[in-house]
Amino acid sequence: MFLFLVVAMVVVVAAVTLAVVGGGGSDSGGVLPETAPEEFVDPLPVTRPVGRADIEALRLPMAPRGYRMSDVDDVLGRVGAELAERDARIAELEAALAGVQARAVGGRGLFRDASDEEPQS
């Protein structure tokens, strides 16, 4: 019985090895067909700021061990620059709003010059 199991195991290992190395048929040319590597085409808009829908629709091409680091770095750099620009614009608008609010609250009603007062008769 032991000899039968050993022979069966050798036959199975040989069949799997021949299938992998042989590639199946003579016209296949190998185990896996040759494919051109995927190229990253940046779908992020150039003419407008990057939005949430742009990020959700973004798909990076796969590499043998995950994603290409250069593609990921390019996208993260672009998104980081967009966020930094947006943060600077928000800070600028908040400062302008604070200035307008300060002028509205501290306007003419609180601080009057002596020349503004009318003489009482």
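For clarity, every value in this text was computed on a predicted model and none was experimentally measured.
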Colleague: For residues 76-91, dump all side-chain donor-acceptor pairs below 3.5 Å to protein atoms at least two apart in sequence or in another chain.
Modeller:
residue, atom, partner, partner atom, Å
Arg78, NH2, Pro45, O, 2.2
Glu82, OE1, Val50, N, 3.3
Arg86, NH2, Val50, O, 2.8
Arg89, NH1, Glu92, OE2, 2.8

Colleague: What pairs with Gln101 under side chain to side chain donor-acceptor pair (under 3.5 Å), at least two apart in sequence or on another chain?
Modeller: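 Partners of Gln101 under the side chain to side chain donor-acceptor pair (under 3.5 Å) test: none.
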Colleague: When you measure from the side chain of Asp54 to the backbone of Gly51, do you find a donor-acceptor pair of N or O atoms at a distance under 3.5 Å?
Modeller: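 Answer holds: yes.
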Colleague: Would you sort out whether Met9 and Val12 count as a side chain to side chain contact (heavy atoms under 4.5 Å, CB included), showing the intermediate values?
Modeller: CA-CA 5 Å; Met9 187 172 66; Val12 169; 5.8 Å; no
